[in-house]
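Report on the following structure.
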Amino acid sequence: MINETPRVRFAPSPTGYLHVGGLRTALYNYLFAKINNGKFILRIEDTDRNRFVEGAVENLIDTLNWVGLEFDEGPKTGGDFGPYLQSERLDIYKNYANQLITDGKAYHCFCSQERLQNLREEQQKQKLPQMKYDKHCLNLSKEEIRQKLDAGENYVVRLNVQPGIKVIISDIVRGRVEFDRDTIDDQVLIKSDGYPTYHLANVVDDHLMKITHVIRGEEWLSSTPKHILLYQYLNWELPEFAHLPLLLNPDRSKLSKRQGDVAVEDYQSKGYLKEALINFVALLGWSTGDNKEFYTIEELKTNFSIERVHKSGAIFNIDKLNWLNSEHIKNKTAEEILPELKNELSNSKFNEMRFSDDYLKQVIDSMKERVIFYNEFLTKSPYFFERPQQYDEEVLKKRWKEDTPDHMKNLAENFEKMEESSHDNFEAALRKTAEELEIGAGKLIHPVRLAVSGIGVGPGVFDLLAIIGKDEVIERINIAINKITIPSGN
RNA sequence: GGCGCGUUCGUCUAGUGGUCAAGGACAUUGCCCUCUCAAGGCAAAGAUCACGGGUUCAAAUCCCGUACGCGCUACCA
């Protein structure tokens with residue numbers, strides 16, 4: 001097994017969206033496959049008919065595609081070990097269940113929900129250390145079973161946990177973990193609706209799909225002994241196990257819907273980059289130890305190692321995600337960001353307007369160090385797309401004095417004389433004006449920024465002017481002179 | 001309750017017996033840069049390494065116990 005190509009799988013149940021914890025699990029599986037030249041398989045665990053969600057599988061695949069975790073085998077994609085939807089493999093599970101029954105490793109159970117309920121209450125009342133099925137139906141004779149089956153009685157198939165030595169898990173992240181056999185319940189393998197439970201289905205599929213490493217969340221650690229027993233009863237070779245630490249809410253409980261966003265698509269629609277999300281989630285439970293925190297997906301593919309995954313859970317800390325988002329934006333060229341900005345524009349009130357690529361790229365270069373999200377190109381610097389709608393009161397009060405309109409007139413005149421719009425020309429013209437007026441450059445810089453952008457913050461003022469362009473700048477200065485009334489007290 | 005897992009700055013983490021009176025990052029604060037805001041640079045603050053016992057010349061690192069947290073305990077995954 002060790003020498004085979006590693007085959008790992010991401011096996012979510014289709015709840016309607018991809019959970020960020022699921023994303024992390026999928027990512028680690030994917031990276032493990034990439035680093036070991038293995039295969040990454042998507043399998044859908046849809047054995048709970050009560051939880052069927054229309055379109056969930058498509059949605060899951062779309063989201064996985066968006067973040068770029070392409071799988072080698074899976075539903076729609078296909079592969080040699082399909083079908084990859086458990087609901088299409090019912091006969092397979094039934095076959096193995098029957099084999100287990102024949103071998104005495106599993107048995108029919110006809111107990112009603114009521115009896116089970118009573119049993120639990122009874123055990124609770126007696127303060128028994130734990131609640132377990134009492135193997136009542138194991139005492140049924142062959143004839144009795146035949147009769148009940150023929151009569152069409154409802155039944156489930158249960159695992160027959162037999163006494164024996166401890167069940168030992170050798171986990172890649174947790175090391176050796178032991179369980180006493182008598183703490184393991186006779187788990188239901190096939191439900192009364194004929195569908196398998198997770199426990200049977202995942203073992204059968206992992207074996208049939210030749211999965212070599214089971215990398216999944218820690219919530220599965222407790223049921224792993226049941227799985228190991230199943231492998232043993234079926235005479236199958238065990239895969240390696242790696243149980244990943246949980247992603248946590250700020251109160252340290254398992255990351256859940258109630259305490260914020262858990263769906264990857266929520267983060268997508270909020271404007272997070274897939275690069276940032278992947279980078280962030282990779283660091284929740286894993287690190288190289290060399291202080292590097294910024295990773296591209298390609299870098300992760302060569303640096304990841306399952307041995308360096310931690311044991312303890314990690315709180316999903318949005319501040320760091322935001323920082324990584326801005327880092328990943330800074331890491332991109334204007335050319336790369338261009339389509340994103342165009343997309344933001346087409347979804348905004350500016351969707352009718354046309355800007356040249358060259359113009360937009362200048363906007364990007366001047367603003368990309370100042371944004372955390374793409375949409376901030378519009379919200380933080382709308383002045384690149386429209387004239388100021390109003391002028392910031394605070395800045396006005398501080399920067400627009402009684403003599404400012406005159407200064408602005410002089411400035412506009414000197415701008416007018418410029419041959420062309422450029423950072424250097426604007427700077428030269430402004431400094432010359434300041435000299436002529438015998439005032440500090442700041443007396444012009446701040447007001448002109450206000451006149452042109454309407455606010456007091458943004459890129460360097462000469463960059464700003466150069467991007468907006470001479471004619472428009474002069475126009476905006478004139479508008480400001482007319483529109484702004486000097487606040488009292490200035 | 002039972003079983004299992006975990007516990008280093010607010011958060012993510014480095015650390016696998018001596019170089020750790022614990023390093024980095026995010027967030028916070030201050031300074032520098034500067035036409036503003038960012039970015040960047042520098043700095044500060046922030047962890048008696050959950051607690052208590054051992055082992056050892058030496059422990060955040062090994063062992064035991066306790067506490068706390070979390071997970072599982074379903075004909076959910």
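In this text the structure is predicted, and so the values were computed from the model without any measurement. Naming convention: chains lettered A, B, ... in sequence-line order (proteins, then strands); numbering from 1 in each chain.
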Legend entry - cation_pi(Arg387(A), Tyr383(A)) dist<6.0 Å, angle<=45: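 Not satisfied by the 6.0 Å and 45° rule.
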Touch class at under 4.0 angstrom, heavy-atom based, for [X] against every strand present:
{"X": "Lys380(A)", "value": "nothing"}
{"X": "Pro459(A)", "value": "base"}
{"X": "Ser192(A)", "value": "base"}
{"X": "Val177(A)", "value": "sugar-phosphate"}
{"X": "Leu189(A)", "value": "nothing"}
{"X": "Gly460(A)", "value": "base"}
{"X": "His310(A)", "value": "sugar-phosphate"}
{"X": "Glu45(A)", "value": "sugar-phosphate"}
{"X": "Glu178(A)", "value": "sugar-phosphate"}
{"X": "Arg308(A)", "value": "sugar-phosphate"}
{"X": "Gly458(A)", "value": "base"}
{"X": "Phe462(A)", "value": "base"}
{"X": "Ala314(A)", "value": "sugar-phosphate"}

Hunt down the Watson-Crick or G-U wobble partner of [N], both distances under 3.5 Å, from any strand shown, or write none.
{"N": "rC75(B)", "value": "none"}
{"N": "rG10(B)", "value": "rC26(B)"}
{"N": "rC57(B)", "value": "rG18(B)"}
{"N": "rA39(B)", "value": "none"}
{"N": "rG65(B)", "value": "rC51(B)"}

[atom1]-based separation of [M] from [N] [nearest Å]:
{"N": "rC70(B)", "M": "rG46(B)", "atom1": "C1'", "result": "26 Å"}
{"N": "rA60(B)", "M": "rC20(B)", "atom1": "C1'", "result": "9 Å"}
{"N": "rA47(B)", "M": "rC57(B)", "atom1": "P", "result": "33 Å"}
{"N": "rG23(B)", "M": "rU36(B)", "atom1": "C1'", "result": "36 Å"}
{"N": "rC49(B)", "M": "rA59(B)", "atom1": "C1'", "result": "11 Å"}
{"N": "rA39(B)", "M": "rA27(B)", "atom1": "P", "result": "8 Å"}
{"N": "rC32(B)", "M": "rA38(B)", "atom1": "P", "result": "15 Å"}
{"N": "rU48(B)", "M": "rG41(B)", "atom1": "C1'", "result": "33 Å"}

Legend entry - Partners passing side chain to side chain donor-acceptor pair (under 3.5 Å) against Lys320(A) (at least two apart in sequence or in another chain):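 Lys320(A) satisfies side chain to side chain donor-acceptor pair (under 3.5 Å) with Glu293(A) once adjacent residues are dropped.
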ring-ring contact (aromatic ring centres under 6.0 Å, His included) partners for [X], two or more places apart:
{"X": "Tyr231(A)", "answer": "none"}
{"X": "Tyr107(A)", "answer": "none"}
{"X": "Trp220(A)", "answer": "Tyr198(A)"}
{"X": "Tyr233(A)", "answer": "none"}

Legend entry - First of Glu293(A) and Ser312(A) reached from the 5' end of RNA chain B, by closest nucleotide: Ser312(A)
Legend entry - Position toward the 5' end of RNA chain B (nearest nucleotide), Pro196(A) or Gln187(A):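 First, find each residue's nearest nucleotide; the 5'-ward one identifies Gln187(A).
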Got a sec? Which of [range] come in under 4.0 Å of RNA chain B, heavy atoms?
{"range": "residues 365-379 of chain A", "value": "Glu369(A), Arg370(A)"}
{"range": "residues 155-176 of chain A", "value": "Val156(A), Arg158(A), Arg174(A)"}
{"range": "residues 13-21 of chain A", "value": "Ser13(A)"}

Inset, instruction - Give me the first and last nucleotide of RNA chain B, going 5' to 3', that has any atom under 4.0 Å from a heavy atom of chain A. - result: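 First-to-last contact on RNA chain B, by the 4.0 Å heavy-atom rule, is rG1(B) to rA77(B).
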Legend entry - Aromatic ring pairing Phe426(A)/Phe415(A), orientation class (parallel under 30°, perpendicular over 60°, tilted between):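 The rings of Phe426(A) and Phe415(A) stand perpendicular, inter-plane angle above 60°.
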Inset, instruction - Take the angle between the ring planes of His423(A) and Phe462(A) and call it parallel below 30°, perpendicular above 60°, tilted in between. - result: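 Perpendicular, since the angle between the ring planes exceeds 60°.
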Legend entry - Gln126(A), CD: over 12 other non-hydrogen atoms inside 6.0 angstrom: yes
Inset, instruction - Starting at CG of Asn118(A), measure out to SG of Cys111(A) and round the result to the nearest 0.5 Å. - result: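 Nearest 0.5 Å value for the CG-SG distance: 11.0 Å.
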Inset, instruction - Give, for atom CG of Asp463(A) and atom CG of Asp365(A), the distance between the pair rounded to the nearest 0.5 Å. - result: 9.5 Å
Legend entry - Ring centre gap for Phe316(A) and Phe280(A) strictly below 6.0 Å: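 Phe316(A) vs Phe280(A): aromatic centres under 6.0 Å.
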Inset, instruction - Please name all residues satisfying salt bridge (charged side-chain N to carboxylate O under 4.0 Å, His left out) with Glu275(A), sequence neighbours left out, ordered by chain then number. - result: Lys332(A)
Inset, instruction - Enumerate the residue pairs fulfilling side-chain hydrogen bond (donor to acceptor under 3.5 Å, both in side chains) with a member in residues 156-170 of chain A, sequence neighbours excluded, ordered by first and then second residue. - result: Lys105(A)-Gln162(A), Lys135(A)-Asn160(A), Lys166(A)-Glu178(A)
Legend entry - Note, Arg181(A) side chain near Pro163(A) side chain (heavy atom, < 4.5 Å):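 They are not in side-chain contact.
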Inset, instruction - May I have all residue pairs that pass salt bridge (Lys or Arg N to Asp or Glu O under 4.0 Å) and include part of residues 278-292 of chain A, sequence neighbours excluded? - result: Lys292(A)-Glu299(A)
